[in-house]
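Down below is the structure, laid out as structure tokens.
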Amino acid sequence: MGLYERFILPRIVDFTCGMKPNMRQRAKVVPLAQGSVLEIGFGSGLNLPFYDAARVQRVWALEPSTEMWALAQMSVGTVDFPVEFLRASAEEIPLPDRSADTVLVTYTLCTLPDVQRPLREMARVLRPGGELVFCEHGAAPDESVRRWQNRLNPVWRALGGGCNLNRPIPSLLERGGFKLSGLSSRYIPGWRPASFNYWGRAVGTSVVK
């Protein structure tokens, strides 16, 4: 890992993911999390202020970057529930089967190299009746915007730590072993190729396509 990935990229990600439109999206979905929560791509802890402490028993903060975890330390100390750092990738989640009541993923599916494997892992660790709660940016419904997403994606991915502009989030979730139980989508304020958002809930299924 080079100097850019270690020291510059984490602060860029923290800044861009913490912009007001993104934070308003987080405020819609994070309070839905309950019980024992596994947060995928914890980053700098931007979701922490939006958890409902009365509904959350603990948060497992899955994050492979120690640099991002260092940025999160101040926020972790402000919440009234335990937060346990799991330094691991989403491809191999270090939790037993059926151990989480909620899996929370916000602005993270865009960066996972092999997104289907992490989704299968998320389905594995969810308890029966548990939910995946998500908010992601992805492929836009307008053809003109999608063309720009496809053109820009190689450069964007190289500079943005693997972030992809054009992932079809709903179909990825369904192929990864989830059934959507609620889905909303819209453009949020910002640069149009990166501003079409999907958010909602999903439950695990026994079929992985």
Task: Transitive ILVMFWY side-chain link F42 to L46, under 4.5 Å - done: yes

Task: Any P94 side-chain heavy atom under 4.5 Å of L62 side chain - done: yes

Task: Interatomic spacing from CZ in R167 to SG in C110 - rounded to 0.5 Å - done: 7.5 Å

Open item on the list: For the backbone of G43 and the side chain of E63, can you confirm whether one donor and one acceptor N or O come within less than 3.5 Å of each other?
Closed with: yes

Task: Side chains of N47 and E39, donor plus acceptor under 3.5 Å - done: yes

Open item on the list: Taking the side chain as everything from C-beta on, heavy atoms only, tell me whether K28 gets closer than 4.5 Å to R24.
Closed with: no

Task: Stepwise side chain to side chain contact (heavy atoms under 4.5 Å, CB included) check, L183 with L173 - done: CA-CA 11 Å; L183 176 67; L173 290 172; over 6 Å; no

Open item on the list: For Y51 and F81, take the angle between the two ring planes, folded into 0 to 90°, and tell me which bin it lands in: parallel under 30, tilted 30 to 60, perpendicular over 60.
Closed with: perpendicular

Task: Rounded distance (nearest 0.5 Å) linking atom CG of L95 with atom OG of S36 - done: 9.5 Å

Open item on the list: Is there a side chain to side chain contact (heavy atoms under 4.5 Å, CB included) between V56 and Q34? Walk through the geometry before answering.
Closed with: CA-CA 5 Å; V56 172; Q34 61 179 333; 5.7 Å; no

TODO: Test salt bridge (Lys or Arg N to Asp or Glu O under 4.0 Å) on E121 and R117 and set out the steps.
DONE: CA-CA 6 Å; E121 277 287 274; R117 185 176 172 187; over 6 Å; no

Task: Over all atoms of both residues, closest heavy-atom pair of L165 and H137 - done: CA-CE1, 4.1 Å

Task: Minimum heavy-atom distance C163-N153, with the two atoms named - done: O-OD1, 4.3 Å

Open item on the list: Are D142 and R192 packed together at the side-chain level, in the sense that at least one heavy-atom pair is separated by less than 4.5 angstrom?
Closed with: yes

Open item on the list: Students often mix this up, so state it plainly: with edges at 30° and 60°, are the rings of F85 and W69 parallel, tilted or perpendicular?
Closed with: parallel

Task: Note, P82 side chain near V59 side chain (heavy atom, < 4.5 Å) - done: no

Task: Backbone of P193 reached by a side-chain donor or acceptor of Y187 within 3.5 Å - done: no

- [ ] Kindly work out whether a path of hydrophobic side-chain contacts (I/L/V/M/F/W/Y, heavy atoms less than 4.5 Å apart) joins V29 to F134.
- [x] no

Open item on the list: Determine whether a donor-acceptor pair (N or O, by modelled atom type, separation under 3.5 Å) exists between the side chain of E136 and the backbone of Y198.
Closed with: no

Task: Linked, directly or transitively: L132 and V203 (ILVMFWY side chains, under 4.5 Å) - done: no

TODO: Nearest 0.5 Å please: distance from the CZ atom of R201 over to the OG atom of S184.
DONE: 10.5 Å

Task: Side chain to side chain, W156 and Q149, heavy atoms closer than 4.5 Å - done: no

Task: Side-chain donor or acceptor of T111 paired with backbone N/O of T108 under 3.5 Å - done: yes

TODO: Using atom types as modelled and distance alone, determine if a side-chain donor or acceptor of E131 lies under 3.5 Å from a backbone N or O of A202.
DONE: no

TODO: Keeping the roles fixed (side chain from R146, backbone from A140), state whether a donor-acceptor pair exists under 3.5 Å.
DONE: yes

Task: Short side-chain to backbone donor-acceptor contact, R127 and R98, under 3.5 Å - done: yes

Task: Connected via hydrophobic side-chain network under 4.5 Å: L104 and L86 - done: no

Open item on the list: Is there a side chain to side chain contact (heavy atoms under 4.5 Å, CB included) between L180 and E174? Walk through the geometry before answering.
Closed with: CA-CA 7 Å; L180 295 169; E174 289 172 345; 3.8 Å; yes

Task: Residues R26 and T106: side-chain donor-acceptor under 3.5 angstrom - done: yes

Open item on the list: Is it the case that atom CZ in R151 sees more than 12 heavy atoms from other parts of the structure closer than 6.0 Å?
Closed with: yes

TODO: Please name the pair of heavy atoms, one in A123 and one in F178, separated by the smallest distance, quoted to 0.1 Å.
DONE: N-CZ, 3.6 Å

Task: Value rounded to 0.5 Å, distance of OG1 in T16 from CH2 in W191 - done: 11.5 Å

Task: ILVMFWY network linking W199 to V30, side-chain heavy atoms under 4.5 angstrom - done: yes

Open item on the list: Measuring only between side-chain heavy atoms, which start at C-beta, is L38 closer than 4.5 Å to V125?
Closed with: yes

Open item on the list: Using side-chain heavy atoms (C-beta onward) and a distance below 4.5 Å, is R175 in contact with L172?
Closed with: yes

- [ ] Would you check if the side chain of D52 reaches a backbone N or O of A54 as a donor-acceptor pair within less than 3.5 Å?
- [x] yes

TODO: Working to the nearest 0.5 Å, report the span between CG of N164 and CG of L152.
DONE: 12.5 Å

Task: Closest contact, heavy atoms only, E91 versus P118 - done: OE2-CG, 3.8 Å

Task: Side chain N197, main chain R186, donor-acceptor under 3.5 Å - done: no

Task: Nearest-0.5 Å distance, CE of residue M122 to CD1 of residue I93 - done: 6.0 Å

Open item on the list: Using every non-hydrogen atom in the two residues, find where D97 and R124 come nearest and quote the distance to one decimal.
Closed with: OD1-NH1, 2.6 Å

Task: Minimum heavy-atom distance L112-A90, with the two atoms named - done: CD2-CB, 4.2 Å

- [ ] Would you mind reporting whether V76 and L48 have side-chain heavy atoms less than 4.5 Å apart?
- [x] yes

Open item on the list: Donor-acceptor pair, distance only, cut-off 3.5 Å: does the side chain of R55 make one with the backbone of L32?
Closed with: yes

